[in-house]
Amino acid sequence: MRASWKGSITFGLVTIPVKVYTAILPKELKFSLLHSADGGRIRYKKVCEKCGKEVSNDEIVRGYEISKNEYVILTDEDFEKVPLKTVKSIEIKQFFDPSELGVIYYSNFYYVSPDKGGEKAYYLLKRAMRETDSMAIGKMGMRGKEHLVALKAFDGGLLLAQLHYIDEIRNPAEVPGWGVEVEVSDEELDLAKKLIMAMKRSLKLEEYRDEYKEALMKLIEAKLAGREITVTGGVEEVKSLMDALKASLEAVKGT
C-alpha cells in the first residue's frame with residue numbers, strides 16, 4: 001500500500017516518524033462521456049487561450065493573479081521553498097476533549113501508522129490519548145496546502161482528520177429557513193417523539209449499503225441482457241402531518 005504522506009508527528013520535544021494512508025476508498029460507479037451520434041469518447045483538452053494550442057502538463061505553471069491578466073508565476077521549486085515546518089511534520093499544537101470539535105469541521109480521513117523506529121513513541125502517544133480521552137489538533141503540509149488536522153486514537157492506531165478552518169464554514173444564519181420556529185401541537189410533538197424512540201436503536205453501519213449504486217448495476221446488467229427495465233411505485237401520499245406521524249408509528253410497531 002502506497003503512503004499518501006511521509007514525515008513525523010511532533011509534540012513538545014517528541015518526534016515520531018510516521019506514514020499516512022488514505023482511509024476512504026471511493027466506490028462510486030464511473031461513467032465515460034460519449035458522443036451520442038457515434039459513441040466516441042469525449043476528451044477534455046488543456047488549451048492556451050492566448051495561442052490556441054493544446055499544452056502538456058510539463059508546460060503548465062501556476063500563477064497568482066495580482067491584477068487583471070497579470071500574474072506572479074510560482075514553480076514547484078518555489079513551493080518547496082515555503083518556510084513551513086509542517087511540510088514534513090504533523091505539528092501538534094494542543095490536546096482537547098473530543099466533544100469540543102463539531103462534526104461540521106471534519107473533512108478527509110487518513111490512517112497514521114509508525115515508520116521504522118517510531119513504534120514505541122507511536123504506541124505511547126496512542127495509548128496516552130486513549131486513556132485520557134483526548135484528541136490532538138495541529139497542522140500539516142500536504143499537496144501544496146497547510147491543513148488543519150486532528151488526531152484521535154482509533155481502533156488499533158491513530159486516525160487523522162483534515163479539518164476545515166473556521167473561516168471556511170458558512171454562517172448557517174445565511175441559509176434561507178435556518179432556525180425557523182413554527183407552532184406545533186402537543187399531540188404532534190408527542191407523536192414525533194414516540195416515532196423517534198420507536199426507531200432508535202444501536203447504530204450498525206454495516207446494515208447500510210449504497211442502494212442507488214446497486215440499482216444502477218442492475219439497470220446496466222438488464223440493458224446488457226436486453227431485458228425490460230421495471231420501475232417501482234412511488235411513495236404513498238399522506239394527506240397531513242398528523243396522518244404521516246400516526247401511519248409511520250403504526251408501521252414501525254408492526255415491524
Are any of the side-chain heavy atoms of R62 and Y71 separated by less than 4.5 Å?
-> no
Output for pair (L216 CG, K218 NZ), nearest 0.5 Å, gives 11.5 Å
Quiz prompt | Side chains of V184 and L241 in contact at under 4.5 Å (non-hydrogen atoms) | solution = no
I196 and L189: same hydrophobic cluster, using ILVMFWY side-chain contacts below 4.5 Å?
no
Of all heavy-atom pairs linking V61 and L74, the shortest is CB-O, 4.4 Å
Report yes or no: does E207 contribute a side-chain atom to a donor-acceptor pair with the main-chain N or O of L205 at less than 3.5 Å? no
Note: E91 and T10 closest approach over all heavy atoms is CA-OG1, 3.5 Å
_I90 with M142, same ILVMFWY side-chain cluster at under 4.5 Å_ = yes
Discussion item. Would you say OH of Y165 has more than 12 non-hydrogen atoms from neighbouring residues, nucleotides or ligands within 6.0 angstrom?
Written reply: yes
**Study point:** side-chain contact (heavy atoms from CB on, under 4.5 Å) evaluation trace for L125 with V14
**Key:** CA-CA 10 Å; L125 175 61; V14 179; over 6 Å; no
Q) Can you check whether L158's main-chain N or O pairs, donor with acceptor, with Y122's side chain at less than 3.5 Å? A) yes
Between the CG atom in L219 and the CG atom in L29, the distance rounded to the nearest 0.5 Å is 11.0 Å
Could you walk me through whether L34 and R41 satisfy the side-chain contact (heavy atoms from CB on, under 4.5 Å) test, starting with their C-alpha distance in whole Å, then the side-chain angles of each, then the deciding distance to 0.1 Å, before giving a yes or no? CA-CA 5 Å; L34 308 176; R41 285 283 301 273; 3.6 Å; yes
Margin query: Please check: side-chain N/O of Y123 versus main-chain N/O of P114, any donor-acceptor pairing under 3.5 Å?
Written below: no
Residues S113 and Y21: closest non-hydrogen pair is OG-CE1, 3.3 Å
Using the rule that Ile, Leu, Val, Met, Phe, Trp and Tyr join whenever any side-chain heavy atoms are under 4.5 Å apart, tell me whether L159 and V18 fall into a single cluster. no
Taking atom OH of Y111 as the centre, does the number of heavy atoms from other residues, nucleotides or ligands within less than 6.0 Å exceed 12?
no
| Parallel under 30°, tilted from 30 to 60°, perpendicular over 60°: which one fits the rings of F11 and F95? | perpendicular
d(E206 CD, L203 CG) to nearest 0.5 Å is 8.5 Å
Here the pair of heavy atoms bringing L191 nearest to K246 is CD1-CG, 3.8 Å
Exercise for the section: Output yes when a side-chain donor or acceptor of K213 lies under 3.5 Å from a complementary backbone atom of K27, and no otherwise. Expected result: yes
Rounded to the nearest 0.5 angstrom, the CE-CZ distance for M129 and F154 is 13.0 Å
Working for side-chain contact (heavy atoms from CB on, under 4.5 Å), residues S107 and H147:
CA-CA 10 Å; S107 182; H147 296 272; over 6 Å; no
key: R127, CZ: over 12 other non-hydrogen atoms inside 6.0 angstrom   = no
Interatomic distance, NZ@K6 vs NZ@K88, rounded to 0.5 Å, equals 8.5 Å
Joint cluster assignment, L148 & M135, ILVMFWY side-chain distance < 4.5 Å: yes
Shortest non-hydrogen pair, C48 vs V55, comes out as CB-CG1, 4.5 Å
Nearest heavy-atom approach of K46 to I60 is CD-CD1, 3.6 Å
- What do the steps show when you test H35 against I42 for side-chain contact (heavy atoms from CB on, under 4.5 Å), and what is the final call? CA-CA 6 Å; H35 185 193; I42 303 298; 4.0 Å; yes
Would the number of heavy atoms belonging to other residues, nucleotides or ligands and lying under 6.0 Å from CD1 of I104 be above 12?
no
Side chains of L160 and L151, heavy atoms from C-beta outward: is any pair under 4.5 Å?
yes
In this structure, CD of E188 is separated from CE of M242 (nearest 0.5 Å) by 4.5 Å
Check this for me: N171, atom CG, are more than 12 non-hydrogen atoms of other residues, nucleotides or ligands nearer than 6.0 Å? yes
query = Is there a donor-acceptor pair closer than 3.5 Å between any side-chain N or O of W5 and the backbone N or O of G141?
reply = yes
Fill in: I92 with Y106, same ILVMFWY side-chain cluster at under 4.5 Å
no
Output yes when K30 and E28 qualify as a salt bridge under the 4.0 Å nitrogen-oxygen rule, no when they do not. no
